[in-house]
J.: 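Starting off with a structure, shown below.
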Amino acid sequence: MKTILVTGGMGFIGSHVCVSLLEQGLHVIIVDNLCNSNTEVLNRIDQITGKKPLFYPVNLLDEDALSAVFKRHNIDAVIHFAALKAVGESSCIPLSYYYNNITCSLVLFNVMEKYKVFNLVFSSSATVYGEHNPIPYVENYPLSATNPYGRTKVMIEEILQDAARADPRWNISLLRYFNPIGAHPSGLMGEDPNGIPNNLMPFITQVAVGKRDALNVFGGDYPTKDGTGVRDYIHVVDLALGHIKALEKLIASPNNNCVRSNSISAYNLGAGKGYSVLEVVKAFEKASGKKINYVISPRREGDLAEFFADVSKASEELGWKVERSLDDMCEDAWNWQSKNPEGYLS
Ligand code: UFG
């Protein structure tokens, strides 16, 4: 049985990926410092899969503690999620973002090298396409970013490109997520942000349960179908299954004999089409039977009018594409929030 180490495995995307890994019969070890997550996630994973992953409350900055995990277990691959991820906050405390996201990643990659673990799936983001590329975004576009959070993703991708160029034992998949929403269909796991949600769907679900009065729609005058921002929403379970496909490809072709040259590859994980904010609101109202009050507000700084993915590379090389619709995303997000109005503390 292969053993997969998941950093940040208690978070929204990480927890769904752990469920998929366990359902594939893989052995899962989570390393997470719980800065934005809750240990209740472990019980929920257990309830869904009948299995509890091993959990180490380790901060990746603690190289000794991380090394001890690698020493104790025979790890076949790592999926690296652990990072700070709030775009707005990253502009207020950029040094914390650079220190945390970059240093944690460097510690992890160095420990992996020391223990000769070279299979890596890295959690990247569509934010690496910056603001000047035409849509749909294609993997070979030049990378840039408009905020410190996004720059950490670009930098880590570049660090990994350099590592793979220098040492062909590295076998790396860079997964660029578009807009993951939804929740596990059981209603046991979902998105549980601290404080006021930054992202659209958790804000909508909190309006629906009465925790917030109204959604601020950031911008009603974009050059889009209805004036509101357009994004490529992807169900978190489809996203999780994309990780399984990427991992299968890495493990099926271990790159330990120094002969392959394309040992690092980037993939867009999105649906390949865009929905506007108002379309998401409408779909959510249909799924939940709740009216979502909203007000059109000024644009949010740094937001782009519209972007979505070209998903042909993931389809051709990983044999992956999304199977769940916007309606599924809304139904599952509502199922989660209505059953857990206070998130994991409900
Ligand atoms: N929006 C609102 N009101 C809100 C929140 C969002 O109108 O309260 C709008 C935004 O303006 C945007 C859309 O809803 O048009 C989606 O916004 P999100 O904040 O949910 O997502 P973003 O596209 O801004 O950001 C996401 C990820 C980032 C990532 C970025 C680019 O959250 O981590 O995609 O890939 F960097």
Side-chain angles (χ1 to χ4, degrees), residues 8 11-14 36 81 83-91 97 101 123-131 133 135-137 139 141 143-157 174-182 191 193 195-208 211-236 239 266-271 274-284 292-309 311 326 329-330 333:
F12 172 47
I13 301 172
N36 192 19
F81 293 103
L84 300 176
K85 61 164 192 175
V87 174
E89 183 185 65
S90 78
S91 294
Y97 269 68
N101 292 4
S123 167
S124 189
S125 165
T127 198
V128 301
Y129 292 113
E131 54 187 339
N133 284 313
I135 46 175
Y137 291 159
E139 284 87 346
Y141 280 173
L143 306 187
S144 66
T146 57
N147 56 73
Y149 159 75
R151 271 188 280 280
T152 68
K153 293 293 179 191
V154 173
M155 287 175 186
I156 297 165
E157 284 207 13
L174 309 168
L175 302 185
R176 296 177 183 158
Y177 312 150
F178 281 69
N179 286 62
I181 58 170
E191 197 164 3
I196 301 171
N198 296 306
N199 298 113
L200 179 63
M201 184 52 87
F203 205 106
I204 290 177
T205 59
Q206 291 196 7
V207 172
K211 280 182 77 174
R212 317 256 162 225
D213 292 337
L215 170 72
N216 289 305
V217 175
F218 297 139
D221 57 353
Y222 283 111
T224 57
K225 44 187 143 185
D226 59 17
T228 66
V230 169
R231 294 289 182 273
D232 184 341
Y233 295 95
I234 170 173
H235 195 299
V236 65
L239 186 70
Y267 297 99
N268 288 339
L269 297 187
Y275 289 104
S276 72
V277 174
L278 292 183
E279 284 176 324
V280 175
V281 168
K282 200 174 284 173
F284 186 85
I292 301 300
N293 292 326
Y294 68 83
V295 281
I296 304 287
S297 309
R299 293 180 180 189
R300 184 170 64 179
E301 206 186 313
D303 272 355
L304 300 182
E306 174 166 9
F307 61 82
F308 52 91
V311 288
L326 179 62
M329 300 177 215
C330 292

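As the structure lists them, so they are numbered: ligands from 1, and atoms in each ligand from 1. Residues: numbered from 1 along the sequence shown. All of these numbers come straight from a predicted model, not from anything done at the bench.
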J.: Compute the minimum heavy-atom distance from Ser125 to ligand 1 and say whether it is under 4.0 Å.
T.: yes
J.: Quick one: which of Arg212, Glu306, Arg231 has a heavy atom closest to atom 23 (O) of ligand 1?
T.: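 Result: the heavy atom closest to atom 23 (O) of ligand 1 is in Arg231.
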J.: What distance separates Phe218 CZ from Phe203 CZ, expressed to the nearest 0.5 Å?
T.: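 If we round to the nearest 0.5 Å, Phe218:CZ and Phe203:CZ are 7.0 Å apart.
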J.: The test is ring pair (Phe, Tyr, Trp, His ring centres under 6.0 Å); show your working for Tyr129 and Tyr137 and say whether it passes.
T.: CA-CA 7 Å; Tyr129 292 113; Tyr137 291 159; 4.7 Å; yes
J.: Measuring from Asn268:CG to Ser124:OG, what's the distance to the nearest 0.5 Å?
T.: 9.5 Å
J.: Identify the closest protein heavy atom to atom 26 (C) of ligand 1: which residue and atom is it, and at what distance?
T.: Asn179 ND2, 3.6 Å
J.: Of all the non-hydrogen atoms in the protein, which one sits nearest to atom 24 (O) of ligand 1, and at what distance?
T.: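 Answer for atom 24 (O) of ligand 1: Arg300 NH2, 2.9 Å.
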J.: Tell me if the OH atom of Tyr141 is crowded by more than 12 foreign heavy atoms within 6.0 Å.
T.: yes
J.: Could you check which of Asp303, Leu200, Asn216 puts a non-hydrogen atom nearest to atom 3 (N) of ligand 1?
T.: Asn216
J.: Considering the heavy atoms of Ala126, write down every atom of ligand 1 situated less than 4.0 Å from one of them.
T.: 35 (O)
J.: Which is it for Phe307 and ligand 1 at heavy atoms under 4.0 Å: side chain, backbone, both or neither?
T.: side chain
J.: Quick check for you: to the nearest 0.5 Å, what is the distance between Thr228 atom OG1 and Tyr275 atom OH?
T.: 13.5 Å
J.: Tell me which protein heavy atom sits closest to atom 9 (C) of ligand 1, plus the residue, atom name and distance to 0.1 Å.
T.: Val277 CG2, 3.6 Å
J.: Specify side chain, backbone, both or neither for Val280, according to which of its non-hydrogen atoms lie closer than 4.0 Å to ligand 1.
T.: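 No part of Val280 is near ligand 1 at this cut-off.
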J.: Could you tell me, atom by atom, which parts of ligand 1 come under 4.0 Å of a heavy atom of Asn198?
T.: 5 (C), 19 (O)
J.: When you measure from the side chain of Tyr97 to the backbone of Glu89, do you find a donor-acceptor pair of N or O atoms at a distance under 3.5 Å?
T.: no
J.: Tell me whether ligand 1 is touched by Tyr233 - counting only heavy atoms on the residue side and a distance under 4.0 Å.
T.: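 It does, in that a heavy atom of Tyr233 comes within the 4.0 Å cut-off of ligand 1.
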J.: What is the nearest protein non-hydrogen atom to atom 27 (C) of ligand 1, stated with its residue, atom name and distance?
T.: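 Nearest neighbour among protein heavy atoms for atom 27 (C) of ligand 1, to 0.1 Å: Asn199 ND2, 4.2 Å.
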J.: Just to check, does Tyr149 reach to within less than 4.0 Å of ligand 1 when the distance is taken from its heavy atoms?
T.: yes
J.: Which distance, rounded to the nearest 0.5 Å, do you find between the OH of Tyr177 and the CD1 of Ile234?
T.: 9.5 Å
J.: Give me the residue, atom name and distance of the protein heavy atom closest to atom 15 (O) of ligand 1.
T.: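 Looking only at protein heavy atoms, the one closest to atom 15 (O) of ligand 1 is Gly229 CA, 3.6 Å.
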J.: Can Glu306 and Arg231 be counted as an ion pair, charged N to O under 4.0 angstrom?
T.: no
J.: Any sub-3.5 Å donor-acceptor pair from Asp232's side-chain atoms to Ala309's backbone N or O?
T.: yes
J.: Within a radius of less than 6.0 Å around NZ of Lys211, do more than 12 heavy atoms belonging to other residues, nucleotides or ligands occur?
T.: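 It does: Lys211 NZ has more than 12 such atoms within range.
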J.: Can you figure out which of Phe203, Tyr275, Phe218 has its heavy atom closest to atom 4 (C) of ligand 1?
T.: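 Comparing heavy atoms across Phe203, Tyr275, Phe218, the nearest one to atom 4 (C) of ligand 1 lies in Phe218.
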J.: Can you name the atoms of ligand 1, numbered from 1 with element, that are less than 4.0 Å from a heavy atom of Val217?
T.: 7 (O)
J.: Would one find an N or O of Lys85, backbone or side chain, under 3.5 Å from an N or O of ligand 1?
T.: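 In fact, backbone or side chain, Lys85 has no N or O that close.
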J.: Could you list which atoms of ligand 1 come closer than 4.0 Å to a heavy atom of Thr127?
T.: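 Once the distances to Thr127 are compared, the set is 31 (C), 35 (O), 36 (F).
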J.: Nearest 0.5 Å, what's the CG-CZ distance between Leu304 and Arg299?
T.: 10.5 Å
